[in-house]
Amino acid sequence: MEKVSVHESINRMYEKAKKEGISTVFDRWLLQQPQCGFGLQGICCQLCSHGPCRITKKAQAGICGANADTIVARNWLRLAIHGASSYSHHLEEAAKTLKVAALGNTIFQIREEKKLEDLATALEIGGAHNSRELAIKVADGLLQEIRKGSDEPFKLTLHYAPKPRIEVWERLGILGGGINSEIRDNMSRVSTSIDTDPVDLLLKALRLSVTANYVCLAIETIHDILFGSPSLKKIEADLGIIDPDYVNIVAHGHQPFMAYAVMEVAKSEEFEKALKEAEAKGIKVYGSMCTGQELAQREAPENVYGGQLGNWIFQEFWLATGAIDAVMMDMNCSIPSLSSIAKKYHTKLIPVSSLVRLEGADTPIEFKPELAKERAKEIITSAIEAFKNRKKNPITFSEAKSEAITGTGIESVLKVLGGSLDPLIGAIKDGKIRGIAAVVGCTTTKTGHDELTVRLTEELISRNVLVVNAGCASSAVEARGLLLPEAKKNAGDGLKAICEALGIPPCLSFGTCTDISRIALAVTAIANTLGADVPALPVAASAPEYLEQKAVLYGTFALAFGLFLHVSPLPPVIGSSLVTKILTENVEALTGGKVAPESDPKKGADLILNHIESKRKLLGLS
Amino acid sequence: MSQKKAIFVKISDCVGCLTCELSCGASHKSIPRLVVEAQGLSPVPVLCRHCEEAPCVDACMSGSMHKIPEKGIIINDEERCVGCFMCAMACPYGVIFSNGEGKLAYKCDLCYDKEEPVCVTSCPMYALRYTTLEQFEDEVRRESVSSLW
């Protein structure tokens, strides 16, 4: 059997897909080899009609005179802008949904008043008579914050960021303002011949990432207000969770609003008759990618929630089982190849976001908070209809699944620790835990699906580094069984002892890529407790399989936040020695962060451990 | 022999942009006569070596695949080619192609009507060199010693 993934389930499904003539990411990856070196190095510019230009031995500048440094830095900022605009869209959807919930016009209610008050404090909002009134003010306040000028600091940054960071960001001019204005300013900057200074372009990417991180924090806080805060729970993961006896609906993307509405409607007995007629046992909603991580981290109706299927690369493979009846495609990451696979089966591909469109998909059923219930019913009805057309005996592997403890958040961690961070900080101080590494981000075909994420994580825990995950990396460790207390057997002695004492796994998943903002908040809490700034801490970040623009943005934020960032595959910056040097060396003097590229899991762990040990030494820890 | 020019490949300079394939196809009926293969993640241009003792010529039963000794090139006479692809089976490099209908063998003609093959002219990395063996080896030697001190 050909090995394309660290997960057995994917390797087996890949065989099946090949036999059935289904083209998957792995096949198309092979067909794309070799990939163009100009693109890989980031030294191709296609902005104007003089071009495309690329930097060669012969031509050290494009026709306008832009050299490799300008082209690389400008391309990098363009990628970061893409990431920021997706997050801005997400916050706007969330804020509008919160407002409609406050007005009592949707299926969702305000569940976490304390978090609402917290956001109100951050936004300097007061004078509300009840939580509904406050929620309306907070929603309006956030919409105002999203849209305000880039010349006014983003209020949430000022409220949630570590004070020493804010000073650094102010000094460097990277304390960003309203996200939409930042996006607009930067889109203008990266046009032909506006901002062509590579150093300034990189600083602007840092600035954009700072606001974007606190946009993400607001997104997750609103999710908590509407759907409940993260709480520890056990879920099942991987392709084996698919139960062919049920009407199977996948919630796929990043914005979980429709998914929660569908679960809310599906848990009732409303569809009992229709399900009986279709000879289905019931309805299951499975999570995929970051929308899945949203469902995995909070309470979900047990009779409906089916677990987490996997990450980005899993999507073609759960579809190719033929056992999925409907896919709710929200923002973002529904890949164009899905429609050709769905065509082979009976599966409905339903865009549920106003932005998501796919040739060959079904009629969109867009999420609108006021119509959440009706639209959820439409989706369920459509899925039941599709179930009736399903070919009998789809391929499923009931044994290919693992369990995972999910729902790590600040509150749930504090609960486990007995109300304070002291036990964790104590374990770091006495060296049982050497440090904490956030292994986050996406998944790639370049080094084998989830191969590097899983191997690096296993390597780190064996060397007594506590690992926290978010994004598609969370799906990788969930399917691998690393989010279980039993995974401590792979941990070093010190970490194992802490896992035993606290009853925690050696890896903790914070959830979605948006939840990286909560990891940053946890790091902020540790820094505040120790009275130190972020760069002084024995912590590191790693994006071992970074894929798309949101990852570029969050990688940039790691630098702004003052973190050591291990990254793979090699980002498209190596065509500029200046940009490469800034990112891997010089930026450390400015923000305390820096990038270290490495595609070997052992060597990557070495880099992270070296960094952590050097910080321990500076803190006087043995 | 010593004055015969050929295309030499500096594999380490190739970045895999495929410009050579595009330009070759553009001047050869849309069918590129060379391929940039991938070995792992590294690009490797593969093209006809215009062998001294060419297996494709030996294998050709119609006599269409032939050598032009004075130019040092092997070309296929498309009038006489019957499309049996014995040449393709004999070629150790896999650089004999079909015209798309499977009736005619296409291969590199070293752009004999031009001063320099278009793949070489278009390569932005100078990874393809059209030169004599002596000149090429001379350059490689110089490069190798230049890294000493």
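Bear in mind the structure is a predicted one, so any value in this text is a computation, not a measurement. Chain letters run A, B, ... following the sequence lines, proteins first and then strands; every chain starts at 1.
Scanning all heavy atoms of the two residues, the minimum distance from B/Gly40 to A/Gln33 falls at O-OE1, 4.4 Å.
The shortest distance between side-chain heavy atoms of B/Val15 and A/Pro34 does not fall below 4.5 Å.
Annotation: A/Gln60, atom CD; neighbour count of heavy atoms from other residues, nucleotides and ligands within 6.0 Å is above 12. More than 12 heavy atoms of other residues, nucleotides or ligands sit less than 6.0 Å from atom NE2 of B/His66. Under a cut-off of 6.0 angstrom, the local environment of CZ in B/Arg49 is crowded, with over 12 non-hydrogen atoms contributed by other residues, nucleotides or ligands. Atom NZ of A/Lys603 sits in a sparse spot, with 12 or fewer heavy atoms from other residues, nucleotides or ligands closer than 6.0 Å. Within 6.0 Å of the NZ atom in A/Lys3, the count of heavy atoms belonging to other residues, nucleotides or ligands exceeds 12.
When A/Lys446, A/Gln35, A/Lys57, A/Arg54 are compared by the number of non-hydrogen pairs under 4.5 Å with chain B, A/Arg54 comes out ahead.
For B/Gln39, no part sits under 4.5 Å from any heavy atom of chain A, backbone or side chain.
Remark: A/Phe38 CZ to B/Thr19 OG1 distance equals 6.5 Å, nearest 0.5 Å. In this structure, CG in A/Leu570 is found 10.5 Å from CG in B/Leu41, a value given to the nearest 0.5 Å.
Of all residues in residues 118-131 of chain B, those placing a non-hydrogen atom less than 4.5 angstrom from a non-hydrogen atom of chain A are B/Pro124, B/Met125, B/Tyr126.
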